[in-house]
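For reference, positions follow the sequence shown, starting with 1. Only a predicted model underlies this, so the values are computations on that prediction, with no experimental measurement involved. Just the heavy atoms: all of them, side chains too, but no hydrogens, waters or symmetry mates, feed the values below.
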Amino acid sequence: MPGKKRIYAISRRIALPAILTIVLFVTSIFFIILPQLEKSFIARKQEMIREQVETTWSLVTDYHDRELSGELTTSEAQLRALLRMGKLRYGPEKKDYFWINDMTPRILMHPYRQDLVNKDVTNFKDPQGKRLFFEMVQLVKKEGAGYVDYMWQWKDDPSKIVPKISFVKEFVPWGWVIGSGVYIDDVHAEISVLRTRLSAISTAILLIVLSLALYSIRQSIIADREREYLLKSLEKSKERFRNLVETTSDWVWETDKVGRLTYSSPQVTEFLGYTIEEVRGRFLLHLASPNQATIMGPSFEKILAAQQPFKGFEFTCLGKNGQIIVFENNGVPIIDDQGDMTGYRGVARDITERKIATEALKKSRDDLHDSLEETVKTLSSTVEKRDPYIAGHQQRVDFLACAIARKLGLSEERIEGLHIAALLHDIGMIALPSEYLTKPSKLSKEEIEIMRCHPEFGYQILRNIQFPWPVAEIVFQHHENLNGTGYPRGLHDQEIYLEAKIISVADVVESMISHRPYRPALGITKALEEIQQGKGIRYHGESVDACIELILEEKIELISGVEHDNF
């Protein structure tokens, strides 16, 4: 009998906590978390339809603007707006829609209820007796926009009547009410899928826990001598788990509707040094540093006034002992049973180290960029040391090419890559015989062919360097022409990088206005005539126009030096 009592006591001691844990787990899932998720889903759906209506409201505004400008008459503008709105669909099945009624109310456009179009629907009621269109008009008269719930047909199926929430907004100039809605069944379907999955997970966890409990009971009966050791191990495990939670938890807080803290988790003491009692009743921003409170105050007030969820709101707090902590806050409004917001609930995560790491990474990136710039300039100067006639050529081509690129509206990131390629476009010259570079007379046909290898030599030199841009390929292409007459590969327009086309134009102009061993500079007039005559044939048309405008209208100056011919 004592053995049976011991077995019973062991079984109860092990099984009861497991069963209670499962009960609490299931209760929290199905009676706390799921209802909150349902509210969150509905709020998300409402926000979605509000954004959809705001978008279409802007579309109608465009037609009204065209009416005001005289481009369209009022009737033409309204008719086009109705036709355009009637064709708009969204949602997974592309069956969610918009409708328009006036302030009578009279339906002006409804894609699925043509029977109501141009009819007075003041007394039109849903199956529950709600005068939905009348309520919509009253709502927009009072507030300009808002949500209305009612019973309505399922999309294009008039035989299926389901609950629906719609957002409506008045377009004042024409006296229109624009609306669209979401079906509550959609939310219930999502919750149903989630409930099914959670049920399966809960069942699996229950089976696992029960199996473990039975196993523990059996092991306890077989090895009762180890019970004390196991209890001590369990106590240590609980302590480790508690320590882990305490060291990894974020600061959880709640405020009232004006931003005053009504709840704080114990982590506030760890982060800021304040006790829970010291922070309760204080405004959240009062914990920020003075500068941050002044800067972020208007933004936080705007968030509170919007009564919408927010994510990633950062502010710097000043701890009780002067420590600086940067928090990232995510929060959601707390809504009471009447639908009124009573405050905010949120989580603050310490991102101080991440901010410091970000700044360090930015500095490291800037240092790397400076190193890359110096390396490129060193490579560029290597060519100039071999050929006195090319000194300054690559820098001037870089200057003009980047100016053209900005004129064309290229992003700063692409211009940076263009800058590197322009400084290195003649790097292949270092592989050519020096006597060719300084020959005071015209080169022979064979010598010219060798000189024309310098783009490929440059590509070979640069191809294994890991630039963030296709620098090697741009250098390879800088003597290609749109019509395929360039070299070394005879590429055509669509095969050539835009950066290479820009460098080609800048290279031609700079080369022609510079002195050569066998001739004086040809002058800017000749250079501009060359690119104008080859515009759209050999040279990129927009780059040619930009170059000419920069030189003639904006008076950009290129300081000519002595550099090599344009091979």
Side-chain angles (χ1 to χ4, degrees), residues 372-402 416-482 484-492 495-512 514-518 538-540 561-567:
L372 174 62
E373 186 77 16
E374 289 301 319
T375 302
V376 168
K377 288 180 179 178
T378 301
L379 287 172
S380 177
S381 65
T382 301
V383 181
E384 297 179 356
K385 290 178 180 178
R386 287 199 74 238
D387 182 2
Y389 296 105
I390 204 170
H393 167 69
Q394 295 183 113
Q395 286 80 4
R396 289 191 292 275
V397 170
D398 167 44
F399 174 71
L400 181 55
C402 290
E416 182 69 14
L418 172 65
H419 161 63
I420 299 298
L423 285 177
L424 297 173
H425 77 278
D426 277 340
I427 188 68
M429 291 288 189
I430 65 175
L432 299 178
S434 59
E435 60 268 21
Y436 290 4
L437 302 177
T438 57
K439 187 176 181 180
S441 61
K442 289 287 187 177
L443 298 176
S444 67
K445 183 177 180 181
E446 292 76 13
E447 291 171 334
I448 289 175
E449 288 302 318
I450 294 174
M451 292 290 287
R452 286 189 171 188
C453 293
H454 78 272
E456 184 174 359
F457 292 157
Y459 172 76
Q460 296 298 332
I461 293 170
L462 300 173
R463 66 176 181 172
N464 293 324
I465 301 177
Q466 299 299 314
F467 291 106
W469 316 275
V471 172
E473 188 62 33
I474 294 170
V475 169
F476 205 175
Q477 297 178 3
H478 79 276
H479 276 300
E480 300 288 353
N481 294 331
L482 303 185
T485 60
Y487 62 88
R489 290 178 289 176
L491 301 180
H492 287 78
E495 301 172 292
I496 306 172
Y497 278 99
L498 175 58
E499 289 85 344
K501 298 174 184 178
I502 294 173
I503 292 175
S504 176
V505 172
D507 192 21
V508 168
V509 172
E510 204 287 328
S511 296
M512 292 184 68
S514 302
H515 294 292
R516 293 290 176 264
Y518 55 86
R538 297 186 300 278
Y539 311 121
H540 182 235
V562 179
E563 53 278 311
H564 199 269
D565 202 354
N566 179 32
F567 287 100

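In this view, Glu473 and Arg489 satisfy the salt bridge (charged side-chain N to carboxylate O under 4.0 Å, His left out) rule, not counting sequence neighbours. With sequence neighbours excluded, the residues satisfying side-chain contact (heavy atoms from CB on, under 4.5 Å) with Leu482 are Asp493, Lys501. Not counting sequence neighbours, Arg463 has no partner by the salt bridge (charged side-chain N to carboxylate O under 4.0 Å, His left out) test.
Residues Ile503 and Val397 are in side-chain contact: their nearest non-hydrogen atoms beyond the backbone lie under 4.5 Å apart. Between Val509 and Tyr539 the shortest side-chain heavy-atom distance does not fall below 4.5 Å.
Interatomic distance, NE2 of His479 versus CE of Met451, reported as 9.0 Å (0.5 Å rounding). With values rounded to the nearest 0.5 angstrom, Asn481 atom CG is found 7.0 Å from Ile496 atom CD1. Taking CG from Leu418 and CG from Asp398, the interatomic distance works out to 7.0 Å, rounded to the nearest 0.5 Å. One finds the CD atom of Gln460 at 7.0 Å from the CZ atom of Phe476 (value rounded to the nearest 0.5 Å). Between the CG atom of Leu498 and the NE2 atom of His540 there is a distance of 5.5 Å, given to the nearest 0.5 Å.
Using a distance-only test at 3.5 Å, with no hydrogens or angles considered, no donor-acceptor pair links the side chain of Gln477 to the main chain of Ala500. No donor-acceptor pair under 3.5 Å is formed between the side chain of Glu499 and the backbone N or O of Ile474.
For the 3.5 Å distance criterion, the side chains of His425 and His454 fail to qualify, holding no donor opposite an acceptor. Side-chain contact of His393 with Asp507: a donor-acceptor pair under 3.5 Å is present, judged by distance alone.
In plain terms, the two heavy atoms of Pro455 and Pro488 that are nearest each other are CB-CD, 4.1 Å. A pairwise comparison of heavy atoms in Ala472 and Tyr459 identifies O-CD1, 3.4 Å as the closest pair.
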Stepwise side chain to side chain contact (heavy atoms under 4.5 Å, CB included) test for Ser504 and His478: CA-CA 5 Å; Ser504 176; His478 79 276; 5.6 Å; no
